[in-house]
There are 2 protein chains.
Amino acid sequence: MFMKQKVTIEDVARAAGVSKQTVSRAINDKGDISPKTRERILALVKEMGYRPNRMAQAMNTSRSHMIGLVVPDITNPFFPEIVRAVQDAAMENGYTTLICNTENSSEIEVLNDLVTHGIDGLITFTHRADDAAVSEFADRFGPMLIINREFDHQNVTTLMVDNIGGACLAVEHLVGLGHETIGMLSTDLATLSQTRRVQGYKEGLSGAEIQFDDSLLVQADPTLAGGLIAAKELLTRRPDVTAIFAYNDLMGVGAIRACRDLGLQVPEDISIIGFDGIQIASMISPALSSVHVDKYEMGRKAFERVYNLIQHPEGSRDMIGMKPKVIQRESTGPRTKA
Amino acid sequence: MFMKQKVTIEDVARAAGVSKQTVSRAINDKGDISPKTRERILALVKEMGYRPNRMAQAMNTSRSHMIGLVVPDITNPFFPEIVRAVQDAAMENGYTTLICNTENSSEIEVLNDLVTHGIDGLITFTHRADDAAVSEFADRFGPMLIINREFDHQNVTTLMVDNIGGACLAVEHLVGLGHETIGMLSTDLATLSQTRRVQGYKEGLSGAEIQFDDSLLVQADPTLAGGLIAAKELLTRRPDVTAIFAYNDLMGVGAIRACRDLGLQVPEDISIIGFDGIQIASMISPALSSVHVDKYEMGRKAFERVYNLIQHPEGSRDMIGMKPKVIQRESTGPRTKA
DNA sequence: CTGAAAGCGCTAACAT
DNA sequence: ATGTTAGCGCTTTCAG
């Protein structure tokens with residue numbers, strides 16, 4: 001026999017000899033209620049193991065206490081750190097997190113589905129869906145924060161890592177070590193992060209008065225395997241490169257592996273720097289230098305902003321910026337090759 | 001002005017000139033309804049962008065189409081692969097996943113909270129909460145699967161990796177390479193996985209007629225940092241060890257790093273094998289040998305089983321077993337030291 | 001301070 | 001084949 005719910009507010013009310021309403025007042029610490037009855041009810045609540053049904057609550061209050069979190073690929077270690085931070089912040093505020101992966105599905109579909117579940121707010125890394133669709137969605141669903149995507153439309157709050165600046169820093173770091181022939185491993189996914197990091201890379205080069213050449217840029221999946229393939233491709237095509245800037249740490253780790261497979265020493269023969277600053281990249285040998293993003297702070301900021309939007313749906317939209325910084329570890333060093 | 005919901009079944013009904021019930025029948029493809037009206041309604045649904053409110057649906061049907069997934073630490077790469085699999089399977093079946101991290105909270109509290117949100121089923125790695133609490137919870141909430149935890153109580157379905165067998169295989173692998181002084185890096189968390197892997201390690205040793213000694217077992221956090229610390233401790237305490245079995249890959253990667261810091265070559269001086277088979281461990285240098293668990297399959301199986309329990313709440317409880325297997329990569333090799 | 005009535009959006013069970 | 005009534009569990013009125 002399937003029961004609808006163990007113990008309901010009705011049960012508690014009956015047990016306490018009061019109306020449902022009074023119980024409601026007691027548990028929500030609201031309205032006028034005598035301390036005595038409140039305590040009596042609360043004791044009963046505990047004793048009976050009563051917990052209000054959030055869905056029923058949500059139907060009245062329009063607050064489900066759930067937020068949605070949409071990431072492209074949870075298996076990329078960059079995301080779990082953010083997820084973790086969002087989760088922590090959410091829990092502190094009585095919120096639960098609905099997480100979705102979008103790699104294999106329509107992003108907008110996922111967002112709409114999340115809405116049907118009654119989420120109060122949304123944090124999303126939505127890069128594939130086109131602007132119009134996202135914008136239309138944002139008009140319908142207010143309290144959302146979109147990460148690493150840019151909009152002309154002023155109806156959506158964004159959080160952006162300074163990708164151009166970060167990529168620039170990476171190149172400057174390499175140039176500072178004497179490198180002049182610097183390749184980049186990028187991804188074929190046309191995301192803002194991608195465009196911007198490539199742009200920053202080029203700006204970095206021209207800032208150092210180095211000529212960019214198409215053969216220095218190789219594209220592949222933004223994964224370990226992608227980094228491996230792309231690095232091999234680059235090093236075959238341009239054996240003269242002495243330094244590589246990888247789109248993300250995963251590709252950077254793949255690139256280190258590629259060098260090893262090709263019999264090249266890192267950083268003696270080739271310097272490699274990644275982007276993101278994922279934990280594990282700092283523990284491998286050689287430890288990967290990286291343009292570090294504070295993911296925990298990013299997650300917390302994201303939640304805070306959305307939480308704020310939930311409380312003040314009519315508040316204005318804005319853009320939060322985050323500056324990454326270079327952390328040098330072992331994979332980058334002075335140029336030694338002529 | 002905050003609206004309860006954009007467009008409701010009522011709106012569609014009005015627009016179609018029928019009752020709510022008819023619309024309900026149309027969208028759920030249920031009961032008797034003339035093809036004509038159905039199509040007319042469905043067209044309207046699409047046009048108006050109507051999506052049923054899942055919470056309202058759930059209140060009637062006791063089906064929220066959400067499942068809960070509880071993991072100890074999403075930043076351990078072992079879990080995202082499982083999360084990914086669960087997510088994929090869930091989505092294929094119209095389910096959305098509520099994910100929680102428990103590292104910093106009371107596990108039972110998290111589970112209870114998930115229930116208030118109306119989840120239909122639950123997959124959890126709950127190891128800290130005591131048996132009585134979990135068992136009591138399982139009695140109240142039927143459709144749950146608990147991973148890597150053992151129960152005498154027959155009220156809960158479990159999925160277990162053969163930790164003893166896996167650890168045994170690891171030791172046998174090392175013994176097969178000629179190692180006789182084999183240390184283990186374990187965790188201080190008293191989980192079933194921990195107990196079992198230590199047990200398997202000891203069984204492996206005695207199977208090879210090697211004497212176990214307390215000094216060969218070091219405990220620390222099951223993380224990169226923990227592995228680093230534990231390995232240094234072990235190698236200082238017992239400079240004669242030629243092989244290490246790490247509780248998980250994270251610790252294994254930390255151990256490789258420790259060896260490097262201590263000037264030891266892997267696998268020439270020390271062989272290291274981990275457990276889990278996380279992706280990134282296969283891409284570092286040297287690539288980590290590991291007792292590999294098929295995490296994607298694990299996630300899918302877990303969802304399938306829970307899905308089944310949701311459909312048949314009165315079905316019997318059982319235990320699903322999974323056999324891990326050794327994958328040799330570069331971090332283990334023949335003993336060279338005398 | 002407390003209770004009764006109404007309703008959130010939907011579906012189950014019974015009408016017709 | 002369609003509509004009506006009732007109710008899921010809760011909170012928001014509005015009465016007292």
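Values below: all heavy atoms of this structure, side chains included; hydrogens, waters and symmetry mates excluded. In what follows, every chain begins at residue 1, and chains take the letters A, B, ... in the order their sequences are listed.
Proximity note for Q21(A) (side chain, C-beta onward) versus dT4(D), dG9(C), dT12(D): the nearest is dT12(D). Closest to the side chain of V18(A), from the set dC10(C), dG3(C), dG9(D), is dG3(C). Relative to the side chain of S34(A), the nucleotides dT2(C), dA12(C), dC10(D) differ in distance, and dT2(C) lies closest. Checking dC10(D), dA4(C), dC10(C) against every side-chain atom of K20(A), the shortest atom distance belongs to dC10(D). Listed nucleotides dG9(D), dC1(C), dT4(D) differ in distance to A56(A); the shortest reach to its side chain belongs to dG9(D).
Taking 4.0 angstrom as the limit, Q57(B) places none of its side-chain polar atoms (N or O) nearer than this to OP1 or OP2 of dC10(C). Residue N60(A) places none of its side-chain N or O atoms closer than 4.0 Å to OP1 or OP2 of dG7(C). Contact between the side-chain N/O atoms of N53(B) and the OP1/OP2 oxygens of dC8(C) is not found at any separation under 4.0 Å. Contact check, K30(B) against dA12(C): a side-chain N or O comes under 4.0 Å of OP1 or OP2. Remark: S24(B) is in phosphate contact with dT11(C), judged by side-chain N or O atoms under 4.0 Å from OP1 or OP2. Look at T37(B) and you won't find any side-chain N or O under 4.0 angstrom from OP1 or OP2 of dA1(D). The phosphate of dT2(C) (OP1 or OP2) has no side-chain N or O of T22(A) nearer than 4.0 angstrom.
Whole-Å rounding puts the H117(B) NE2 to dG9(D) C1' distance at 15 Å. Per the geometry, CG belonging to D29(B) stands 15 Å off C1' belonging to dA1(D), to the nearest Å. E39(B) places its CD atom 13 Å from the P atom of dT2(D), with the value rounded to the nearest Å. For the pair I27(A) CD1 and dG9(D) P, the computed distance is 14 Å after rounding to whole Å. Atoms CG (D32(B)) and C1' (dA13(C)) sit 14 Å apart, rounded to a whole Å. Across the protein-nucleic acid pair, R14(B) atom CZ and dC10(C) atom P stand 12 Å apart, rounded to whole Å. The CE atom of M59(B) sits 19 Å away from the P atom of dA6(D) (whole-angstrom rounding). Rounded to a whole Å, the CZ atom of R54(B) is 11 Å from the P atom of dT11(C).
Salt-bridge formation is not detected for the pair E103(B)/R128(B): no Lys NZ or Arg NE/NH1/NH2 atom is positioned less than 4.0 Å from an Asp or Glu carboxylate oxygen. Under the 4.0 Å criterion applied to side-chain N and carboxylate O atoms, R51(B) and D113(A) are not assigned as salt-bridge partners. Looking at R305(A) and D318(A), a side-chain N of the basic residue comes within less than 4.0 Å of a carboxylate O on the acidic one, giving a salt bridge.
Taking for each of N28(A) and G17(B) the nucleotide of DNA chain D with the nearest heavy atom, the 5'-most of the two is the partner of G17(B). In terms of position on DNA chain C, the residue among I33(A) and E10(B) whose nearest nucleotide sits closer to the 5' end is I33(A).
Taking the six-membered ring for Trp and thresholds of 30 and 60 degrees, F303(B) and Y307(B) have nearly parallel ring planes, at less than 30 degrees apart. The aromatic rings of H65(B) and Y95(B) sit tilted, their planes meeting at an angle between 30° and 60°.
Panel note: side chain D29(A), backbone R25(A); no donor-acceptor pair is recorded below 3.5 Å.
For R25(B) against dG3(D), a side-chain N or O and a base N or O form a donor-acceptor pair under 3.5 Å.
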